[in-house]
*Asks:* 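Encoded as structure tokens, here's the structure I'll be asking about.
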Amino acid sequence: MDISPSTPAANGQVLAKIFAQARIGDPNDPVPGEQTPKAVSSSLLPHPQSELGLHDGEMRAESPNTDERATEPMESEDDSDDEDETTTDIMNKVVLVWGDFWSVIQHVGIVARLDLWKVVIEQKTLEDWAAQKPTWEDISSLAETIVKEHVAPADIDAVRNQEEDERDLVKENMMLFHRQALLYEETSYAMNHGDIGRLEKNFLPWINTFAGCGKHKYAAELKRYLENVQFRYPERLSRAIRLNILCNPTGKPDHFRALDWVIELNILYIKHIHGGQFSNRTVERIIKESPLIEIYKSICQQFEDMFCLEHRTSHYTPANMKNTFAKLAEYMRKEETSVFITGRKADHEVQDTVAVGCHKLLEGEVDLDVVDQSEDTSGIEIEVDDDGSLFV
């Protein structure tokens, strides 16, 4: 099908042609190509749409564009040390070493939480505390203390409404960072492990987050999905959809992927690896040979096996982050990011995007039932990444 499924109307045409080939629907309906895009979209409304772009949503969640909308410049009277410049310098080095933004969120979050543990245990080092052999009950109790005291609560506005001299803007920013980083990590963990129940429980805060930072299309899609599987669809249909929003192409534990990740992988093979060159690189040829992609992949694997090419990967050895973690931990210790200091200022105040989104939805400023589907997503480049081998 020579259709680019990048808009709801084009998606409707693709589904209409698939239904026609499968002889689903009224055979007297007009040919899909002769219908108007609006007519095609409206005729498919009764059909359940189970595809949820979780990989695209995950990339959007870690997008720097979202972080830019989540901060507001503030006038700071304290210029004794340029914290913003120092932080920017460290983050530039971190991005250079770690490569992708997901690693930045994960690793900065790890170091920041380790710094919280040092504050809570009131020991010089974590090694000294570990030498005391704490019980699991002790660890769980301290973990609950960290969440209650150092992660932004739902009523953080009560803290922010205090007098300026009684606030600590750096600490408030870190509390919000911990909350969003933990939410992102839990979402990624649930997707990798195929935990659909945990994944769906995270959708509600993500709806508010996307609405708060202006990504209304993603908020609307998550809302539509939850409404359909929770209230509209029959139980058996909802279960079928839940069991198919993630897939595991390799069959390995903890290697579940979103459906749009697999689609992007197939597009990589169809367009770039086996898409032909020069005069052979045409839309007609790509469509004609697209059903043979699995055969091409199998032939490549067989030749590699014949020549004993066992190391079929482009995956690099994981970087040794010990020194980088130590430098970042020292920076956080020096800046006392985990300690409350009365009256401390900051160059930026991180917005509580969850609260902002919740306010917009409750006040009717954003109607997720009427969202412009042409929202610009050019700022995000969907990448296909895995454990180094694309033979999945």
Side-chain angles (χ1 to χ4, degrees), residues 5-16 18-19 24-25 37-61 66 154 180 183-184 186-191 193-247 256-261 263 352-375 377 380:
S6 57
T7 63
N11 286 333
Q13 292 182 3
V14 170
L15 290 175
I18 292 175
F19 290 157
I24 298 176
K38 182 176 181 180
V40 173
S41 298
S42 61
S43 65
L44 294 174
L45 287 179
H47 300 286
Q49 301 175 7
S50 60
E51 181 182 342
L52 190 62
L54 294 177
H55 180 63
D56 188 14
E58 187 179 22
M59 295 289 290
R60 176 62 69 179
T66 302
Q180 290 302 108
L183 175 62
Y184 185 84
E186 183 177 8
T187 303
S188 296
Y189 177 89
M191 291 177 61
H193 287 257
D195 192 341
I196 307 300
R198 173 177 290 190
L199 182 62
E200 289 183 350
K201 289 182 179 180
N202 290 331
F203 282 171
L204 186 56
W206 277 122
I207 290 173
N208 293 328
T209 300
F210 284 133
C213 62
K215 308 303 179 185
H216 302 146
K217 185 180 75 172
Y218 295 89
E221 286 299 314
L222 292 178
K223 173 177 175 289
R224 180 182 67 91
Y225 169 84
L226 289 178
E227 289 178 344
N228 287 341
V229 299
Q230 295 287 347
F231 305 108
R232 292 197 178 100
Y233 295 159
E235 182 179 352
R236 294 177 63 183
L237 176 59
S238 296
R239 174 177 170 78
I241 292 175
R242 285 193 176 104
L243 295 179
N244 286 278
I245 62 173
L246 296 174
C247 61
F256 281 84
R257 295 289 183 264
L259 291 181
D260 50 332
W261 183 93
I263 292 173
D352 185 0
T353 51
V354 175
V356 172
C358 186
H359 174 77
K360 288 182 177 180
L361 295 175
L362 291 176
E363 295 296 324
E365 298 180 19
V366 176
D367 187 359
L368 297 183
D369 294 326
V370 184
V371 175
D372 183 10
Q373 296 293 331
S374 62
E375 177 182 322
T377 59
I380 293 297

*Asks:* If I compare all heavy atoms of Trp206 with all of Tyr184, which pair ends up nearest, and what's the gap?
*Replies:*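 Closest approach of Trp206 to Tyr184: CZ2-CA, 3.8 Å.
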*Asks:* To the closest 0.5 Å, what do you measure between CD1 (Ile196) and CZ (Phe256)?
*Replies:*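 Answer for the CD1-CZ pair, Ile196 versus Phe256, is 7.5 Å.
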*Asks:* Of the non-hydrogen atoms in Leu226 and Glu200, which two are nearest, and what is the gap between them?
*Replies:*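 Nearest heavy atoms, Leu226 then Glu200: CD2-O, 4.2 Å.
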*Asks:* Side chains of Asn202 and Glu186: closer than 4.5 Å at any heavy-atom pair?
*Replies:*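 Asn202 vs Glu186: side chains touch.
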*Asks:* How long is the straight-line distance from CZ of Arg198 back to OG1 of Thr187, given to the nearest 0.5 Å?
*Replies:* 10.0 Å
*Asks:* Let me see the working for Tyr225 and Glu221 under side-chain contact (heavy atoms from CB on, under 4.5 Å), right down to the final yes or no.
*Replies:* CA-CA 6 Å; Tyr225 169 84; Glu221 286 299 314; over 6 Å; no
*Asks:* If you measure from CD1 on Ile245 to CG on Leu259, what distance do you get to the nearest 0.5 Å?
*Replies:* 8.0 Å
*Asks:* With a cut-off of 6.0 Å (strictly less than), are more than 12 heavy atoms of other residues, nucleotides or ligands near CD of Glu235?
*Replies:*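 At most 12 heavy atoms, drawn from other residues, nucleotides or ligands, come within 6.0 Å of this atom.
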*Asks:* Quick check: does any side chain N or O of Thr353 sit under 3.5 Å from a backbone N or O of Thr209, one acting as donor and the other as acceptor?
*Replies:*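 Flag not set: sc Thr353 to bb Thr209 has no pair under 3.5 Å.
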*Asks:* Would you compute the distance between atom NE2 of His216 and atom CG of Leu368 and round it to the nearest 0.5 angstrom?
*Replies:* 7.5 Å
*Asks:* To the nearest 0.5 Å, what is the distance between CZ (Arg239) and CG (Asn244)?
*Replies:*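 Going from the CZ atom of Arg239 to the CG atom of Asn244 covers 10.5 Å.
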*Asks:* How close do Ala258 and Met191 get, counting heavy atoms only, and between which atoms?
*Replies:* CB-CE, 4.1 Å
*Asks:* Name the orientation class of the two ring planes belonging to Tyr218 and Phe210 (parallel below 30°, tilted from 30 to 60°, perpendicular beyond 60°).
*Replies:*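 Because their plane-to-plane angle lies in the 30° to 60° range, the rings of Tyr218 and Phe210 count as tilted.
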*Asks:* Which atom names give the shortest non-hydrogen contact between Leu246 and Gly194, and what distance separates them?
*Replies:*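 Looks like CD1-CA, 3.9 Å.
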*Asks:* Tell me the closest heavy-atom pair linking Ala219 and Ala211, and the distance in Å.
*Replies:*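 Closest approach of Ala219 to Ala211, heavy atoms only: CB-N, 4.0 Å.
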*Asks:* List in chain and number order the residues that pass salt bridge (charged side-chain N to carboxylate O under 4.0 Å, His left out) with Lys223, two or more places apart in sequence or in another chain; answer none if no residue qualifies.
*Replies:* Glu227, Asp369
*Asks:* Starting at CD1 of Ile207, measure out to SG of Cys358 and round the result to the nearest 0.5 Å.
*Replies:*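 Result: 11.0 Å between the selected atoms.
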